[in-house]
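Each remark here refers to the structure printed beneath this line.
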Amino acid sequence: MAVENTTWRNNVWLVWFYIVFPITVLIDLQEVIYPSSLLVPADAPLHFAYKAKQDYIAKFNDPIVQWSPETASGHDSWMGLFMHLEFFFLLPVMIYAMYKMGIRQKGTSGPDELLFFVYALYNALTTAVCIHDTFYWDKTIWADESQLWTLRSAYYAPFVFIPLLGAFDMGSRILSRFKAADAAAESKKAE
């Protein structure tokens, strides 16, 4: 049976997943998951999420959040890939993590730590790509550099730096497992 790592850091991960999960399913993946009839009409059950996304778009005019296959026309074509990976990889990992660490209250095994390490690196890297893209947006639309700075630092940067901390955490756990396995192999060899 695999050794499970139970540490206070699992609770930090759980808080991260509990914060990011609703953002993912209610904002990021609106067009992927829900028909417009559940979002757009004022009396629709998920209209609050649609309105939150529209308010964000009105405030920041963020073309990444406005992306759709219809609006892509060669620009930001990578966003389609990112959205599909968010749906098929990130979302299942979040559900699994909340189940494993939250509902079952189990620690992390070696395979879990590798999965969460990849999850964290993927999150940080794709968000870094989005931040990088903001430096190439049309300056006539984005004349207010302070608003662009707010977008980068307050809305995008946490999704780079917090996952990087998570990757460091999971990487250190994996490294500890390697060291323990090496030490056990050395002691067995010495016998």
Side-chain angles (χ1 to χ4, degrees), residues 1-34 49 53 62 64-65 67 76-134 151-191:
M1 185 168 158
V3 176
E4 294 194 337
N5 190 342
T6 54
T7 173
W8 63 269
R9 294 185 313 257
N10 288 353
N11 292 331
V12 175
W13 274 89
L14 211 49
V15 168
W16 167 260
F17 288 126
Y18 286 151
I19 291 169
V20 174
F21 181 77
I23 294 168
T24 302
V25 297
L26 293 174
I27 306 296
D28 292 356
L29 296 175
Q30 274 184 14
E31 293 81 10
V32 175
I33 298 175
Y34 309 108
K53 186 171 183 175
D62 183 342
I64 293 171
V65 174
W67 185 92
D76 296 338
S77 58
W78 45 268
M79 267 309 293
L81 174 64
F82 284 9
M83 289 181 75
H84 282 88
L85 288 171
E86 187 169 20
F87 183 75
F88 290 109
F89 176 64
L90 297 182
L91 189 58
V93 170
M94 286 187 271
I95 292 168
Y96 171 73
M98 290 185 297
Y99 171 74
K100 173 102 188 240
M101 291 189 283
I103 295 170
R104 288 192 58 221
Q105 297 185 347
K106 296 282 187 177
T108 54
S109 65
D112 294 336
E113 291 162 1
L114 181 59
L115 177 65
F116 300 149
F117 178 75
V118 171
Y119 165 90
L121 285 180
Y122 173 83
N123 242 329
L125 180 62
T126 55
T127 307
V129 169
C130 294
I131 291 173
H132 178 73
D133 189 60
T134 66
L151 178 69
R152 289 178 189 137
S153 61
Y155 288 89
Y156 282 123
F159 290 91
V160 172
F161 294 113
I162 294 171
L164 282 177
L165 289 172
F168 178 78
D169 172 42
M170 288 300 160
S172 67
R173 293 185 199 198
I174 293 167
L175 186 58
S176 293
R177 288 181 186 275
F178 285 152
K179 287 179 180 177
D182 287 348
E186 284 297 319
S187 96
K188 187 174 182 179
K189 192 161 74 169
E191 290 175 1

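Computed over heavy atoms, backbone and side chain alike; hydrogens, waters and symmetry mates excluded.
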Side chains of residues 114-125: which donor-acceptor partners sit under 3.5 Å, not counting sequence neighbours?
unit_1 : atom_1 : unit_2 : atom_2 : d
Y119   : OH     : W16    : NE1    : 3.2
Y119   : OH     : N123   : ND2    : 3.1

Name the atoms and distances for all side-chain donor-acceptor pairs under 3.5 Å in residues 22-31, with sequence neighbours left out.
unit_1 : atom_1 : unit_2 : atom_2 : d
T24    : OG1    : V20    : O      : 2.9
Q30    : NE2    : L26    : O      : 2.8
Q30    : NE2    : A49    : O      : 2.9
E31    : OE1    : K53    : NZ     : 2.9
E31    : OE2    : K53    : NZ     : 3.2

Kindly indicate, with the supporting measurements, whether the criterion side chain to side chain donor-acceptor pair (under 3.5 Å) is fulfilled by Y156 and D133.
CA-CA 11 Å; Y156 282 123; D133 189 60; over 6 Å; no
Would you check, one step at a time, whether the test side chain to side chain contact (heavy atoms under 4.5 Å, CB included) holds for F87 with I33?
CA-CA 9 Å; F87 183 75; I33 298 175; 3.9 Å; yes
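H84 is linked by a ring-ring contact (aromatic ring centres under 6.0 Å, His included) to nothing, counting only residues two or more places apart in sequence or in another chain. Partners of D169 according to the side-chain contact (heavy atoms from CB on, under 4.5 Å) rule, which considers only residues two or more places apart in sequence or in another chain, are R9, W13, S172, R173. Under the side-chain contact (heavy atoms from CB on, under 4.5 Å) criterion, V129 pairs with W78, F82, sequence neighbours left out. By the salt bridge (charged side-chain N to carboxylate O under 4.0 Å, His left out) test, E86 pairs with no residue at all, sequence neighbours left out. Partners of T134 by side chain to side chain donor-acceptor pair (under 3.5 Å), not counting sequence neighbours, listed by chain and number: R152. Qualifying side-chain contact (heavy atoms from CB on, under 4.5 Å) partners for I95, counting only residues two or more places apart in sequence or in other chains: F21, L91.
Between A128 and V160, the shortest heavy-atom contact is N-CG2, 3.7 Å. When all heavy atoms of P163 and P158 are compared, the pair lying nearest together is CD-O, 3.4 Å.
One distance of note links OH of Y99 with NZ of K106; it measures 9.5 Å at 0.5 Å rounding. Here the CE atom belonging to M83 is positioned 12.5 Å from the OG1 atom belonging to T126, to the nearest 0.5 angstrom. A distance of 8.5 Å separates CG in N11 from CD in Q105, rounded to the nearest 0.5 Å. To the nearest 0.5 Å, atoms OG1 (T127) and CD1 (I131) are separated by 7.0 Å. Separation of atoms CD1 (I19) and CE (M94) is listed at 12.5 Å; rounding is to 0.5 Å. Atom CG of residue N5 and atom OG of residue S109 lie 10.0 Å apart, to the nearest 0.5 angstrom.
For residues 87-102, the set of pairs meeting the salt bridge (Lys or Arg N to Asp or Glu O under 4.0 Å) definition, not counting sequence neighbours, comprises E4-K100, K100-D112. For the salt bridge (Lys or Arg N to Asp or Glu O under 4.0 Å) condition, no pair includes a residue of residues 90-99, sequence neighbours left out. Annotation: salt bridge (Lys or Arg N to Asp or Glu O under 4.0 Å) contacts involving residues 113-129, sequence neighbours excluded, comprise E113-R177. Listed by first and then second residue, the ring pair (Phe, Tyr, Trp, His ring centres under 6.0 Å) pairs that reach into residues 161-191 come to none, sequence neighbours excluded.
Taking 4.5 Å as the limit, some side-chain heavy atom of N10 sits within range of a side-chain heavy atom of T108.
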